[in-house]
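Structure, as structure tokens:
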Amino acid sequence: MRDPLRLDEVARVQAEQIGRVWPQATLLVGLPECGAVLSAFVARHLGLPVAFVHSSGVPGWHRMHVPERAERAVIVDDLIGTGRGVRVAADFLIREGHAVLGVSAWISRAEPGALKVLTLMPPPYPTWKAEGCPDCSAGYAPRYTGIRE
Ligand SMILES: O=C(O)c1cc(=O)[nH]c(=O)n1[C@@H]1O[C@H](COP(=O)(O)O)[C@@H](O)[C@H]1O
């Protein structure tokens, strides 16, 4: 999302949804990189503080904000692909003594465990496991691999 005004419009919709479902939230948590930028936009609409959690490698806080009391956190991201990033962040937050209310994302292609996920829209394309993929059973070989969106 290259246009900050457009990003802010989406962030406002996301903020309204979070405010409706989780009015008790005290902290938004963003995953670098895109989730960190987005979470700051969303937090501005909710008047909430924001903190960033590194989810690749050893999970940890970005030094900008290391919360000092127990928070009721919502993880904010743009896309959930495998769900790994938000799962790692949620486990880290719980280990750190915070409550994780859930995850807010634009689109999710995974169900990341027991985490409650709010999305803005369903995925615009179907996802199959390799063994259930109709194109694979029709004999088509993958044209691209390792693609994210
Ligand atoms: O952060 C990225 O590089 C990224 C690139 C991309 O093409 N697609 C994509 O989903 N991401 C990010 O990867 C994360 C989701 O991936 P999973 O952890 O697999 O669910 C989100 O933080 C996205 O912002």
Side-chain angles (χ1 to χ4, degrees), residues 1-133 142 144-149:
M1 188 84 60
R2 298 177 188 180
D3 174 0
L5 292 179
R6 183 65 60 83
L7 177 62
D8 196 46
E9 282 173 30
V10 181
R12 183 178 51 74
V13 176
Q14 207 169 350
E16 280 168 9
Q17 195 181 48
I18 293 170
R20 224 177 21 252
V21 176
W22 293 308
Q24 71 274 42
T26 57
L27 178 73
L28 297 190
V29 171
L31 277 56
E33 281 92 12
C34 297
V37 174
L38 174 63
S39 62
F41 275 70
V42 175
R44 190 178 70 84
H45 289 285
L46 287 166
L48 287 176
V50 70
F52 307 140
V53 166
H54 300 287
S55 60
S56 57
V58 180
W61 295 108
H62 186 281
R63 66 181 180 283
M64 177 198 76
H65 179 193
V66 179
E68 289 175 359
R69 63 182 175 105
E71 304 281 1
R72 293 185 294 275
V74 174
I75 299 170
V76 173
D77 214 340
D78 53 351
L79 305 170
I80 298 176
T82 63
R84 183 197 160 276
V86 292
R87 273 197 311 270
V88 168
D91 290 347
F92 170 74
L93 290 169
I94 291 164
R95 279 200 305 278
E96 289 278 298
H98 305 286
V100 178
L101 302 177
V103 182
S104 160
W106 298 348
I107 293 172
S108 176
R109 298 182 70 183
E111 292 183 8
L115 279 175
K116 180 165 180 186
V117 179
L118 283 183
T119 58
L120 299 185
M121 55 190 279
Y125 30 68
T127 301
W128 292 281
K129 292 198 185 306
E131 56 275 17
C133 165
Y144 307 102
T145 57
I147 302 292
R148 302 167 77 199
E149 69 280 343

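Heavy-atom basis, side chains included; hydrogens, waters and symmetry copies ignored.
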Would you mind writing out the side-chain donor-acceptor pairs for residues 17-26 within the sub-3.5 Å range, not counting sequence neighbours?
from  : atom 1 : to     : atom 2 : distance (Å)
Gln17 : NE2    : Thr119 : O      : 3.0
Thr26 : OG1    : Glu71  : OE1    : 2.7
Thr26 : OG1    : Arg72  : N      : 2.7
Thr26 : OG1    : Arg72  : O      : 3.4

Full working for side chain to side chain contact (heavy atoms under 4.5 Å, CB included) between Val76 and Gln14 | CA-CA 9 Å; Val76 173; Gln14 207 169 350; 3.7 Å; yes

So, do Leu46 and Leu28 sit near enough that their side-chain heavy atoms are less than 4.5 Å apart?
-> yes

Would you say Ile107 and Pro124 make side-chain contact, with heavy atoms under 4.5 Å?
-> yes

If you look only at pairs with a residue in residues 23-46, which of them pass as a salt bridge (Lys or Arg N to Asp or Glu O under 4.0 Å), with sequence neighbours excluded?
-> Asp8-Arg44

Which atom of Gly81 lies closest to which atom of Ala110, heavy atoms considered | O-CB, 3.3 Å

In chain order, what residues pass the side chain to side chain contact (heavy atoms under 4.5 Å, CB included) check against Cys34, with sequence neighbours excluded?
-> Asp78

Can you tell me how far the OG atom of Ser108 sits from the CG atom of Leu118, to the nearest 0.5 Å?
-> 11.0 Å

Only counting residues at least two apart or in another chain, list the ones meeting side chain to side chain contact (heavy atoms under 4.5 Å, CB included) with Val13.
-> Leu120

Less than 4.5 Å apart, any side-chain heavy atom of Val100 and any of Leu115?
-> yes

Expected list for residues 82-93: side-chain donor-acceptor pairs under 3.5 angstrom, two or more places apart:
from  : atom 1 : to    : atom 2 : distance (Å)
Thr82 : OG1    : Arg84 : N      : 3.1
Arg84 : NH1    : Ser55 : O      : 3.3
Arg84 : NH2    : Ser55 : O      : 3.2

Do any pairs count as a ring pair (Phe, Tyr, Trp, His ring centres under 6.0 Å) and have a residue in residues 31-58, sequence neighbours left out, and if so which ones?
-> His54-His62

Ile80 side chain reached by Val117 side chain, heavy atoms, under 4.5 Å = yes

Hey, are the side chains of Trp106 and Asp77 touching, using non-hydrogen atoms and a 4.5 Å cut-off?
-> no

Which residue pairs satisfy the salt bridge (Lys or Arg N to Asp or Glu O under 4.0 Å) criterion with at least one member in residues 45-57, sequence neighbours excluded?
-> none

Let me check something: any side-chain donor-acceptor pairs from residues 63-70 under 3.5 Å, sequence neighbours excluded? List them with distances.
from  : atom 1 : to    : atom 2 : distance (Å)
His65 : ND1    : Val50 : O      : 2.8

Please list, chain by chain and in numerical order, all residues satisfying side chain to side chain donor-acceptor pair (under 3.5 Å) with Trp61, sequence neighbours excluded.
-> Glu96

For Arg6, look at atom CZ and say whether over 12 heavy atoms of other residues, nucleotides or ligands are found less than 6.0 Å away.
-> no

Please name all residues satisfying salt bridge (Lys or Arg N to Asp or Glu O under 4.0 Å) with Glu9, sequence neighbours left out, ordered by chain then number.
-> none

